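Since the structure comes first, as structure tokens, the remarks are kept for the end.
Please read these numbers as outputs of a predicted model, since none were measured by experiment. When reading the values below, keep in mind they use all heavy atoms of this one structure, side chains included, and skip hydrogens, waters and symmetry mates.
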Amino acid sequence: MKNLENAAATEPANTADVSNADVVIIGGGPAGLNAGLMLGRARKRTIVIDEARPRNAVTREAHGFLTRDGIAPFELRRIAIEQLGVYPSVSHMEDTVVSITGEDGAFQLETASGLKMTAKKLLFAAGMKDRKLDIPGLTEVYGTSAFVCPYCDGWELRDQPLVVISRGAALMHLAPLLYGWTKQFTVCTNGPDELSDAEREELRAHDIPLFDTPIREISSSKGMVNHVKLMDGTEIPCTGIFFKPELLPGSDLPQSLGCRISEMGILEVGEFGQTSVPGIYAAGDAATMMHQSIAAAASGALTAAAMNGELNREVWKAGLA
């Protein structure tokens, strides 16, 4: 499995001109790859620059993606890169963009490997990255029996005894949501719960136990959690965990270019992915709190269509000058 994943990551869709592009896409997840597909079909010179370190690498299956429900994320990626190869104007490379200068119509980029290129437009689709997990034992179960999204993994854990690790407003968003998959869950806030008395009463009214004692460790076997142990010795049996991850932007470059960041830590974009800086767009997890593969892919397609329309209008207007 690992060899296949590496092969998919290192084979470029095309290796044609990678010095001068209509669009450079930074990020090779579902948003970036689907944007590349759309732009390729629109005959735009497109370069997809992909670090090949997807956040969902820990996940065995992707769900909720029409015709691809249950597919391994690396296989979805392999198929996407293979399909980009049909379009000669699209290049895919494994690299990291380290600097960007310039402005709309004339951006200059340099990668970690020393490649230099120009682009008329930029699309940031680098998603988000997880902060290091600081609960002992959580890394061992993440992606196997501990998850962050009920839409992605709730079905597999339906009607099972779970532990939710979250607090405050994030908890009060997740608890009612998860209640549709299972009513058998316990909340561990791993410290102060940051709840109001009314919110605690909501949980009690739904027979949801609440513990604010810090977590000592998560016990598991071969990636499957069996209980959460608290500092006071309490052990909470469970077969799965949902938790609120701590996230960081997948790239700091948009902010360095002046793109506005929301209070939630994501890029502020318009209806079609336009950031606050002309010529710079964003799609996928970098620009939304809805972190699902199919949502990211749709975002990439919509944003690519908007970028293509802008590029075509610019050529049209130039012909009238």
Side-chain angles (χ1 to χ4, degrees), residues 55-65 69-70 73 127-195 199-200 202-204 206-230 234-248 264-265 285 288-296:
R55 183 174 167 230
N56 66 1
V58 301
T59 305
R60 294 184 298 180
E61 297 179 346
H63 291 284
F65 204 123
D69 191 45
M128 305 294 282
K129 296 185 292 190
D130 288 302
R131 287 185 185 271
K132 185 177 180 180
L133 303 177
D134 59 359
I135 298 174
L138 185 54
T139 298
E140 288 75 6
V141 296
Y142 185 25
T144 305
S145 57
F147 307 100
V148 298
C149 173
Y151 288 106
C152 302
D153 300 287
W155 171 260
E156 285 69 31
L157 294 175
R158 64 194 183 279
D159 296 326
Q160 295 185 38
L162 309 179
V163 165
V164 171
I165 304 174
S166 187
R167 66 181 67 173
L171 168 61
M172 296 313 294
H173 169 76
L174 179 56
L177 183 64
L178 187 59
Y179 204 69
W181 280 274
T182 182
K183 297 174 174 56
Q184 304 177 62
F185 62 89
T186 298
V187 171
C188 293
T189 60
N190 195 32
D193 60 28
E194 300 176 10
L195 298 174
E199 288 169 331
R200 294 187 194 98
E202 270 191 53
L203 296 174
R204 279 194 292 269
H206 289 90
D207 298 318
I208 298 172
L210 174 66
F211 294 89
D212 61 8
T213 304
I215 296 171
R216 180 185 299 278
E217 64 178 354
I218 294 170
S219 176
S220 64
S221 175
K222 297 181 180 179
M224 303 307 295
V225 61
N226 48 60
H227 68 262
V228 174
K229 188 172 184 178
L230 306 183
T234 301
E235 293 188 0
I236 304 168
C238 62
T239 57
I241 292 172
F242 281 97
F243 69 99
K244 174 69 168 64
E246 298 292 329
L247 299 176
L248 296 169
M264 295 181 290
D285 291 2
T288 180
M289 299 300 290
M290 188 68 169
H291 296 171
Q292 288 184 280
S293 294
I294 196 166

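Note: Ile215 CD1 to Ile165 CD1 = 4.0 Å, rounded to the nearest 0.5 Å. Ser221 OG to Glu140 CD: the interatomic distance, rounded to the nearest 0.5 Å, is 12.0 Å. Here Glu246 contributes atom CD and Lys244 contributes atom NZ; the two are 6.0 Å apart, rounded to the nearest 0.5 Å. From Glu202, atom CD reaches atom CG of Leu210 across 12.0 Å, with rounding to the nearest 0.5 Å. Annotation: the span from Cys149 atom SG to His291 atom NE2 amounts to 9.5 Å, rounded to 0.5 Å. Residue Tyr151 holds its OH atom at 14.0 Å from CD1 of Ile294, rounded to the nearest 0.5 Å.
Side-chain contact between Leu178 and Phe185 is present, with at least one heavy-atom pair separated by less than 4.5 Å. Put simply, the side chain of Ile236 does not reach to within 4.5 Å of the side chain of His227, judged on heavy atoms. For the pair Asp153 and His63, the minimum side-chain heavy-atom distance is below 4.5 Å. Contact of the Lys229 side chain with the Thr234 side chain is not registered, since no non-hydrogen atoms from C-beta on lie closer than 4.5 Å. Proximity of Val228 to Glu235: side-chain heavy atoms (C-beta onward) are nowhere separated by under 4.5 Å. Considering only heavy atoms from C-beta on, Cys152 comes within 4.5 Å of Gln292 through its side chain. Between Ile241 and Ile218 the shortest side-chain heavy-atom distance falls below 4.5 Å. With a 4.5 Å cut-off on side-chain heavy atoms, Leu174 and Pro150 count as touching.
Residues Ala146 and Leu138 approach most closely at CB-CD1, 3.9 Å, considering heavy atoms. Smallest separation of non-hydrogen atoms from Gly223 and Ser145: O-OG, 2.7 Å. Nearest heavy atoms, Leu157 versus Gly240: CD1-CA, 4.2 Å. For the pair Pro73 and Ala62, the tightest heavy-atom approach, listed with the atom from each and the gap, is CD-N, 4.2 Å. Closest non-hydrogen pair, Asp285 versus Ala296, comes out as OD1-CB, 4.3 Å. Among all heavy-atom pairs drawn from Asp130 and Pro245, the shortest one is OD1-CB, 3.6 Å.
Here the two rings, on Tyr142 and Phe243, have centers that are under 6.0 Å apart.
The side-chain hydrogen bond (donor to acceptor under 3.5 Å, both in side chains) contacts involving residues 176-193 comprise Asp193-Arg200, where partners must be two or more places apart or lie in separate chains. Pairs passing the side-chain hydrogen bond (donor to acceptor under 3.5 Å, both in side chains) check and including a residue from residues 159-173, sequence neighbours excluded, read Gln160-Thr239.
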| query | Under the side chain to side chain contact (heavy atoms under 4.5 Å, CB included) criterion, do Cys238 and Asn226 qualify, and how do the steps go? | reply | CA-CA 5 Å; Cys238 62; Asn226 48 60; over 6 Å; no
